[in-house]
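Let me begin by presenting the structure, written as structure tokens, before commenting on it.
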Amino acid sequence: MSPLLILEQVLNGLQLGVMLFLMAAGLTLVLGIMNLVNLSHGSLYMVGAFIAATVTRATGSFVLGLLVALPATALVGIVVERVALRRLYARDHLDQVLATFGLILFFNEAVTMIWGPRPLYMDGPSWLSGAVEIIPGVPYPAFRLAIIAVGLTVAMLLYLLVTRTRLGMLIRAGASNREMVAALGVDINRLYTLVFGLGVMLAALGGVMAGPIYAVEVGMGEVILIQTFVVVVIGGIGSVRGALVGAILVGLVDTLGRAFLPGLLTLFLGPATAASLSASLASMAIYILMAAILVWRPRGLFPAHG
Amino acid sequence: MVRRGILVGGLVLALTLPLLAAAFGLDYVVGIATRILIFALAGVSLNLILGYGGMVSFGHAAFFGTGAYVVAILSDHAAAGIPLFTWPLTVYGSDMAIIAWPAAMAVCAVLALIIGAICLRTGGLYFIMITLAFAQMLYFFFVALEPYGGDDGLSLVGPSRAWPLDLADDRQFYYLILSLLLFILYLMRRLIASRFGLVLRGIRENERRMQAMGYATYRYKLAAFVISGAVAGLAGALIANHTEFVSPSFLDWRRSGEILVVVIMGGVGTLYGPVAGAIAYLMLEEVLSRWTEHWMIVLGPLLVLIVLYAKQGLWGTLEKMSTKR
Amino acid sequence: MKSRLIALGMAGALLATPAGAAEPVKIGMITTLSGGGSALGIDIRDGFALAISQEGGSLGGVPVELVAEDDGRKPEKATEIANRMIKRDKIGIMTGIVWSNLAIAVVPKVTAKGVFYISPNAGPSKLAGAGCGTNYFNVAWQNDNLHEAMGQYVTEKGYKNVYIMAPNYPAGKDALKGFKRFYKGDLAGETYTKLGQTDYAAEIAALRAAKPDAVFFFLPGGMGISFLKQYAQAGLTGKIPVFGPAFSFDQTILAAVGDAALGVINSSQWNKDIDNPANAAFVADFQKAYGRLPSLYASQGYDAARLIGSALKAVGGDISNADGFRAALKKADFASVRGKFSFGPNNHPIQDIYVRQVVKEGDTLTNKIIATAFTDRADAYAAECKM
């Protein structure tokens, strides 16, 4: 177990965390400001990936795919918001869970009907297809480094947005006390639409960045949706800072668990048992983490609400 | 009046269904009806904590699936003749309903106690997520459980033995399930009307007020959670008998979603709602999937519409209609 | 789609029916047509339907009607469809199930009721060994076969330090067990991943650190797509050779992975370049009918139909002659697209298993046979079958 390997796995964990952050940031904002549980967040991630894959395939340019997918998905999101989600703001969480669960079913089937049941091919840009020896002796995929870069940039931009702009001030205010913000005369509907659009774009960005490394297939949203919710809950609803910390934490725990639990358990148990048990524990790891954190802090690490 | 008419009519239909089916040569309908009843039971269990207690659990499939597995594991050991474990005492398997089904309920009750004790410390969305998390944990647990099939699942040699009934006979099985459902519904009615039920409903309305009034709300919620888990475990035991097969897919979060849909469609917080919801949802699934492979594209928006415009669900709408008079 | 098939069957029955013929023989297909993994079920159904349409609505000269239904990958749904097919539609021949867990749930129940089940895909060890049955035939393979073939080939080629990987569920564990049964070298590592996992960075890093001379993995569906893409991005494609069963390298997956899969070696009982007239006709007709290259699943569906056809011909369409039908099925007197084909004592195939490599033909990624791993391979569980 060389220290270089440990370093590489930490880097992997960070990258996974950053990917989760892209999803979680959008979700936590929507949850915090609009108090909307949106299960279809994962479906929008999927739509972003599918649109990007199609455009990239047709034009041969990843960047073009990205540039088209983001507004296109945002458009889809706005339509969904106008038609269905708008009426759910006043409802309780149960209704939102149910309705957006219905949206997941709809999106999965719609994507199947439009693109067929088979997974799509998507590749990253050719200038990112190599590997960079960021750690000596370890060629790290350039695209993954790009993901880390993009994610951290987004985090930085969101930080600036939330702390330095007027919109950000409204977001923070709305996250801690929605009624007061409305009472103070702010156009709540416009704020909602802006925040929702931002959330959808972040999800689409996540989908486009995920396309080249994960399988672009129907149902890809559900896998990441659950992980995203775990991140949001750990970090605290409504807090972008919590989303970042939660995402990195989840990414690290998941990756390091998968990487080092087998080795750890082989010290105590036979290799076959260790392999099997460690695989089970690794898959449960992030849920155990979430349960533990909620027991200690029932509202997450950085709850936005007072 | 209308409500009572529908209830009585429904009961008559339920009682005579197997005979009617045989008369029309549609015997297989009994199988579908049995599945509807089992899901109705699962819905009733969730409705207790959801409809009356206001706790949105997105992990109820955990108890449903665990109940099924208890029955399957006991049956598996009984068929092989090997005890489950020999320490601290020797426990053999069993394929007798009178042992396996209460065992399923007991295991699920204990599970619900543990899970509830942790989850109920949170509320709102956190509660939804943490119940989902525990269901996922159990799902991965059963997937990795190789001695009992893991992801391949576990087949039961046959349905439980419940002398003097022969549960391999569709009809007898159906009537047994029907009686169990009616009995549980009766118990639920008593429970809801009792002091416990009133406190629970009070907690749903305004937990702080109940706390201010001196009630230890956590304990009441936990008790309801445990009862709900046990009944869901019974539903699981029944589905294990019905399909004669269990698999981790019974604990998948989508399954939890389906049970939620059953409760919502029928009407949250109404006694007979889950039954109506189970009938509606499963019939919809049957009819739509015959019509087109892409039936989900109809079901999805339909769910959205129901949530938006028919929040009270089928039974709730009925109740509203009859009180309008 | 289903109504189209029934119409096809009906039309075919009307056209091809000799004078005084009875109703078409119904064949029940329970397969996964929606949701994740539906591509496999659709391929199986399309392959099966092609055989029927080639004969104008019949199989073996006997008019048939294919009743295909979607199990949504849910075991209880599959069981219910099976029940309904037996009770309401009085179907005596069934096929179609993709997944081993659904097969284990459904097959013993239907064969106990006298139905003949021909598996076009799932071949769990449980039903090949102690759980075998006289009415259950598997026309594809026993689950371990393709993994065993890879183990054999890897050993033959002199690899001594292989890193193996599969998801942590019974099919995954069986896959690695099958590989190890024939692989005689050392293991650089044995890793079990999470079912449905998408990100393999951690596993790839560990793999690289273990310095194996080859990698064998079983990651069906989207898991394989993700892994291959990430493996290429880590710069390992071409550095450490990759081996696997055909399940991760069929046409659907290759199309989604792209060039990252080039050069990968995989084992399969069928490939489109197997040289015999039946296969040539199959590949050409499939492309014409559906506009895509067939996968091994399609070939399995096709062979299942032709096997049933050969048996139907032998009994003149009268499946109430159960013994006759069973014997005819066992005889396997049909021109398989694989070439030679026969059943072992446990009704599982005895066939050659090939080694193929992923190549590019023009613009399309596809497989090309480069060697034979096994000749006349049965399976490891035949001895446990007490038939």
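Numbers restart at 1 for each chain; the letters A, B, ... are given by sequence-line order, proteins then strands. Here the structure is a predicted model, which is why all the values come from computation and not from measurement.
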Got [X] and [Y] here, is their nearest side-chain heavy-atom distance under 4.5 Å?
| X | Y | result |
| --- | --- | --- |
| Pro262(A) | Thr191(C) | no |
| Ser283(A) | Gln197(C) | no |
| Ile253(C) | Pro119(A) | no |

Stepwise, does the side-chain contact (heavy atoms from CB on, under 4.5 Å) test hold for Lys194(C) with Arg258(A)? CA-CA 9 Å; Lys194(C) 181 167 79 178; Arg258(A) 278 184 291 134; 5.5 Å; no
Between Ser226(C) and Ala215(A) (side chain of the first, backbone of the second, donor and acceptor by atom type, cut-off under 3.5 Å), is there such a pair?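 Confirmed, Ser226(C) side chain pairs with Ala215(A) backbone.
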Ignoring hydrogens and angles, tell me if any N or O in the side chain of Gln230(C) forms a donor-acceptor pair with the backbone of Pro141(A) under 3.5 Å.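 Not confirmed, Gln230(C) side chain does not pair with Pro141(A) backbone.
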Worked check of side-chain contact (heavy atoms from CB on, under 4.5 Å) between Asp199(C) and Arg144(A): CA-CA 11 Å; Asp199(C) 197 310; Arg144(A) 286 190 189 259; 3.3 Å; yes
Tell me, please, which residues at least two apart from Phe48(C) pass ring pair (Phe, Tyr, Trp, His ring centres under 6.0 Å).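 Per chain and number, Phe48(C) pairs via ring pair (Phe, Tyr, Trp, His ring centres under 6.0 Å) with no residue.
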Heavy-atom distances under 4.5 Å only: say whether [X] touches chain C with side chain, backbone, both or neither.
| X | result |
| --- | --- |
| Thr112(A) | neither |
| Tyr214(A) | both |
| Val223(A) | side chain |

Who wins among [options] for the most heavy-atom pairs under 4.5 Å with chain A?
| options | answer |
| --- | --- |
| Ala232(C), Ala202(C), Ala206(C), Gly221(C) | Ala202(C) |
| Ala260(C), Ala234(C), Gly235(C) | Ala234(C) |
| Ser38(C), Ala209(C), Gly222(C) | Gly222(C) |

Going by side chain to side chain donor-acceptor pair (under 3.5 Å), name the residues that satisfy it together with Tyr121(A), two or more places apart in sequence or in a different chain.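 Tyr121(A): side chain to side chain donor-acceptor pair (under 3.5 Å) contacts with Asp123(A).
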List the steps, then state whether side-chain contact (heavy atoms from CB on, under 4.5 Å) holds for Ile213(A) with Lys229(C). CA-CA 6 Å; Ile213(A) 49 174; Lys229(C) 289 209 274 198; 5.6 Å; no
Looking at every heavy atom in both Ala201(C) and Gln9(A), which two are closest together, and how far apart are they?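 Answer, listing the atom of Ala201(C) first, then Gln9(A): O-OE1, 4.1 Å.
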Could you tell me which non-hydrogen atom of Asn12(A) sits nearest to which non-hydrogen atom of Ala205(C), and how far apart they are?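 Of all heavy-atom pairs spanning Asn12(A) and Ala205(C), the closest is ND2-CB, 3.7 Å.
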Apply side-chain contact (heavy atoms from CB on, under 4.5 Å) to the pair Ser280(A) and Asn168(C), showing each step before the final yes or no. CA-CA 7 Å; Ser280(A) 319; Asn168(C) 188 31; 3.4 Å; yes
Is the NZ atom of Lys160(C) crowded by more than 12 outside heavy atoms at less than 6.0 Å?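 Open.
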Tell me, yes or no, whether the heavy-atom count around Arg57(A) atom CZ, taken from other residues, nucleotides or ligands under 6.0 Å, exceeds 12.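 12 or below, so no.
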Are any of the side-chain nitrogens in Asp250(C) or Arg118(A) under 4.0 Å away from the carboxylate oxygens of its partner?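 Salt bridge absent between Asp250(C) and Arg118(A).
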Considering only heavy atoms, which portion of Phe227(C) lies under 4.5 Å from any heavy atom of chain A: side chain, backbone, both, or neither?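 For Phe227(C), no heavy atom lies under 4.5 Å from chain A.
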